[in-house]
Amino acid sequence: MKILVTGGLGFIGSHTVVELQNKGFEVVIIDDCSNASEDVLEGISRISGQNPIFEKLDLREGHKVQDFFERHPDIKGIIHFAASKAVGESMEKPLLYYENNLHSLIYLLKRISATGGAFIFSSSCTVYGQADQMPITEDAPVKPAESPYGNTKQMGEEILRDTCSVTPGLKAISLRYFNPIGAHPSAEIGELPIGVPQNLVPFITQTGAGIRKELSVFGNDYPTSDGTCVRDYIHVVDLAKAHVVAMERILNGKQEGNYEIFNLGTGKGSTVLEVIESFQRVSGMNLNYRIVDRRPGDITEAYADTTKANRILGWKAESTLDDAMRSAWDWEKKIREKDF
Ligand code: WQD
């Protein structure tokens, strides 16, 4: 069965392609390579032994998207990752984010609404803002977005919900990710941040590799166990597997209604210092870090209530924080040998 993965050369997309292939799906990737390299295709096929079909395409080019679907009329489902994702950049270029993230979604939904099919949307725990209660359930209120990026995820979910409500043939699931980290255990694929990493784990591994001098820990005066912020760090392979399970749920006709939302996290919160300790444990190194001021816009804590995903999807994150940090470190060492 043929599945389209948009943004399939990206961090979460590439891991999902591998898990789909492992389950016998035929995968077609669309990626515009604005934030990913075509070399990722080699990593994918070295793991799975299969070459996905790949088309370099910008999803905002409607007529090309139409032409693509005419050449692939047998696509039964779409997993839509392709999007701009840098929070800071979205503050500076809001129109780029609204155009890129919403246009592409609308084109894809127009197509799949007409034919019917399965659609998985890459959403984020960012929609909850600082939730009032931990752990965060899917019923927690959506808070006003802190950035145009976050707003595109909220608006994307609304567009999807409204389209589903008038299109019975469209079956969709929004997956709200907490903090995806790590890499494939083979170290063939992983995260490839461009420039200075904004996220914690790639900054840690680059510091370990000597590319960054030291990690700045943004604040240790939060009301948490050690004063640093708490997040729910989920191994990207666990996250990828959840996409396959969600897709199978729709394709096997198991869905309740035609639109559902699931949190994807481990259910366990970790502080920034605990992540650093984990890195030190798995790498055997001491990490150079310094406590600095809080980063504007950071929330104190966010971790998922995973009951709904566990019960309804029958999916559970398996990997520990140490597993994820070990894979991130193995990947960092590998890419230092390669030139991506
Ligand atoms: C994690 C923790 C930082 C860097 C981001 C996106 C969000 C969502 C998930 C997708 C925080 C601390 C970080 C550093 C640090 N993604 N930190 N020093 O902010 O939870 O969320 O990913 O939708 O939209 O914004 O992730 O990795 O940036 O930060 O101390 O150099 O690490 O303060 O507590 P965040 P992050």
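In listed order, ligands and their atoms are each counted from 1.
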Residue selection (non-hydrogen contact nearest [atom]) among [options]:
atom                    : options                        : answer
atom 6 (C) of ligand 1  : Ile12, Asp232, Val87           : Val87
atom 29 (O) of ligand 1 : Gln198, Glu214, Gln206, Arg295 : Arg295
atom 14 (C) of ligand 1 : Tyr149, Phe218, Tyr177, Phe178 : Phe218

Assess whether a salt bridge exists between [X] and [Y], defined as any Lys/Arg side-chain N lying under 4.0 Å from an Asp/Glu carboxylate O.
X      : Y      : result
Glu332 : Arg336 : yes
Glu188 : Lys334 : yes
Lys64  : Glu55  : no
Glu99  : Arg60  : yes
Lys308 : Asp139 : no
Arg71  : Asp67  : yes

Going by the atom numbers of ligand 1, which of them fall below 4.0 Å from some non-hydrogen atom of [X]?
X      : result
Val272 : 12 (C), 30 (O), 32 (O), 34 (O)
Val217 : 30 (O)
Thr126 : 24 (O)
Leu215 : 14 (C), 18 (N), 31 (O)

Parallel, tilted or perpendicular: rings of Trp329 and Phe279 (30°, 60°): perpendicular
Smallest separation among heavy atoms of Gly195 and Arg212, with atom names: O-NH2, 3.6 Å
Heavy atom of the protein closest to [atom] (residue, atom name, distance):
atom                    : answer
atom 20 (O) of ligand 1 : Arg231 NE, 2.5 Å
atom 21 (O) of ligand 1 : Asn179 ND2, 4.0 Å
atom 27 (O) of ligand 1 : Leu200 N, 2.8 Å
atom 2 (C) of ligand 1  : Tyr233 OH, 3.5 Å
atom 33 (O) of ligand 1 : Asp298 OD2, 2.5 Å
atom 16 (N) of ligand 1 : Ser124 OG, 4.0 Å
atom 34 (O) of ligand 1 : Cys229 CB, 3.0 Å
atom 18 (N) of ligand 1 : Ser216 O, 2.7 Å

Modelled atom types, side-chain donor and acceptor of Tyr259 and Ser174, under 3.5 Å: yes
Tyr289 near ligand 1 by a heavy-atom separation under 4.0 Å: no
Worked verdict on His80 versus Tyr107 for ring pair (Phe, Tyr, Trp, His ring centres under 6.0 Å): CA-CA 11 Å; His80 180 43; Tyr107 280 136; over 10 Å; no
Residues Lys241, Asp238; criterion salt bridge (charged side-chain N to carboxylate O under 4.0 Å, His left out); working and verdict: CA-CA 5 Å; Lys241 287 179 178 166; Asp238 279 330; 5.1 Å; no
Ligand 1-proximal atoms of Thr228, by part, heavy-atom distance under 4.0 Å: neither
